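One structure is given here, and the rest of the page talks about it.
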Amino acid sequence: VYDFKKALRFSQDQIRTLSRIHENFARLLTSYFSAQLRTYVQIHVDAVEQLSYHEYIRNVRKKSILGVFEAMPLQGSMVMDFSPNVAYVMFDRLLGGQGTVLEKDNELTEIEISVIERVFSKSLESFQEAWSSVLKLTPELKEIEVNPQFLTMSPPNETVILVKLSARIGEVEGFVNICL
């Protein structure tokens, strides 16, 4: 049975290739975050799946921090999103704290935006390195967003690839998702 409303655009071989690329990316991120945060960090690929852009946006948790980027020569924009608990632990560790999760109700401060832009930029360097065996990319961060409803990168029913990475920083668990 084929569902024409949910067209699958990617073959299983393409999904496997993306999974291998992002397993390498997870290892690179683990090394980078371990060094920067000076604590135990473990990141691994949970799943690589295709779904509609609308489904992706609908499932982004509130207070997630989203980095919109482009990676030439690939067309279109991509999103890397950090779950709130992962993002706030990173903020706390990078600003000299013990790594406690302090969820806030207010907007990000200029200092927090500067810190998270640096984290995204360094993460994109790892993304570039992970893809280097397949394609030479030049990823560039375009914007930081905290409200997924403002992301209008794609038509709602467009098929996207969602790479789900599980992250553990110290005692805190969360995720890093990449929407291609």
Side-chain angles (χ1 to χ4, degrees), residues 19 21-49 55-71 77-131 137-153 160-180:
S19 184
I21 290 168
H22 289 92
E23 285 169 5
N24 188 24
F25 175 61
R27 281 191 296 278
L28 294 167
L29 270 188
T30 297
S31 297
Y32 167 69
F33 286 142
S34 293
Q36 289 299 306
L37 303 177
R38 296 177 306 284
T39 190
Y40 172 79
V41 175
Q42 184 59 48
I43 300 173
H44 67 275
V45 176
D46 260 1
V48 177
E49 57 192 33
E55 286 178 86
Y56 165 69
I57 290 298
R58 191 180 66 219
N59 291 318
V60 173
R61 286 187 47 198
K62 289 182 179 175
K63 302 202 190 244
S64 289
I65 298 180
L66 305 119
V68 179
F69 66 99
E70 292 178 351
S77 296
M78 296 163 227
V79 179
M80 185 181 309
D81 75 270
F82 292 104
S83 65
N85 44 350
V86 167
Y88 291 117
V89 164
M90 285 192 293
F91 284 141
D92 194 54
R93 294 291 303 182
L94 289 169
L95 297 173
Q98 297 298 312
T100 54
V101 178
L102 302 170
E103 289 207 24
K104 324 182 320 174
D105 290 333
N106 53 353
E107 295 293 315
L108 295 176
T109 66
E110 286 184 39
I111 292 173
E112 289 169 330
I113 290 172
S114 176
V115 167
I116 202 67
E117 282 177 346
R118 190 179 81 205
V119 168
F120 274 116
S121 294
K122 293 295 187 177
S123 298
L124 290 178
E125 288 176 16
S126 296
F127 186 80
Q128 179 179 7
E129 187 177 338
W131 275 82
L137 298 178
T138 53
E140 181 183 346
L141 183 65
K142 293 297 183 184
E143 67 177 303
I144 302 289
E145 186 59 65
V146 291
N147 188 343
Q149 303 308 318
F150 293 136
L151 290 179
T152 55
M153 303 175 0
V160 297
I161 292 287
L162 178 62
V163 179
K164 296 180 179 180
L165 304 174
S166 288
R168 182 178 180 92
I169 301 174
E171 298 300 317
V172 177
E173 293 184 15
F175 59 84
V176 177
N177 287 335
I178 303 167
C179 177
L180 307 171

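As the structure is a prediction and not an experimental result, all values here were calculated from the model.
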Within 6.0 angstrom of E129 CD, more than 12 heavy atoms from elsewhere: no
Donor-acceptor contact present, side-chain S123 to main-chain V119, <3.5 Å: yes
Counterpart residues, ring pair (Phe, Tyr, Trp, His ring centres under 6.0 Å), relative to F82 (two or more places apart): F120
Approximate separation, where rounding is to 0.5 Å, of E117 CD and S121 OG: 7.0 Å
Side-chain heavy atoms of E112 within contact of F91, under 4.5 Å: yes
Side chain R93, main chain R38, donor-acceptor under 3.5 Å: yes
Residues that E49 engages under salt bridge (Lys or Arg N to Asp or Glu O under 4.0 Å), provided they are two or more places apart: K164
W131 to H22 - nearest heavy-atom pair and separation: NE1-NE2, 3.7 Å
From S64 atom OG to N147 atom CG, the distance as rounded to the nearest 0.5 Å: 10.5 Å
Which residues share a side chain to side chain contact (heavy atoms under 4.5 Å, CB included) with V41, sequence neighbours left out: F33, S34, L37, T39, I43, I169
Residues forming a ring pair (Phe, Tyr, Trp, His ring centres under 6.0 Å) with F25, sequence neighbours excluded: F127
Nearest-0.5 Å distance, OG of residue S83 to CZ of residue F175: 4.5 Å
Contact check, side chains of E70 and M78, non-hydrogen atoms, under 4.5 Å: no
Q128 side chain to L137 backbone, donor-acceptor under 3.5 Å: yes
Exam field: side chain N59 to backbone E55, donor-acceptor pair closer than 3.5 Å: yes
L162 and N177, any side-chain heavy atoms less than 4.5 Å apart: yes
Distance (rounded to the nearest 0.5 Å) between I65 CD1 and D81 CG: 10.0 Å
Criterion side chain to side chain contact (heavy atoms under 4.5 Å, CB included) against L66, the qualifying member of I144, V60, V146: V60
Q36: side chain to side chain contact (heavy atoms under 4.5 Å, CB included) partners, not counting sequence neighbours: Y32, L94, R118
Minimum side-chain heavy-atom gap M90-Y88 below 4.5 Å: no
Distance (rounded to the nearest 0.5 Å) between Q42 CD and L165 CG: 11.5 Å
Heavy-atom check, side chain of I178 versus side chain of V79, under 4.5 Å: no
Contact check, side chains of L124 and L141, non-hydrogen atoms, under 4.5 Å: yes
Beyond-backbone contact of R61 with N85, side-chain heavy atoms, under 4.5 angstrom: yes
Non-hydrogen side-chain atoms of F69 and E140 separated by less than 4.5 Å: no
Those residues that, when tested against S31, pass side chain to side chain contact (heavy atoms under 4.5 Å, CB included) (two or more places apart): none
Spacing of SG belonging to C179 relative to CD1 belonging to I57, to within rounding of 0.5 Å: 7.0 Å
Check: Q98 main-chain N/O paired with D92 side-chain donor or acceptor under 3.5 Å: yes
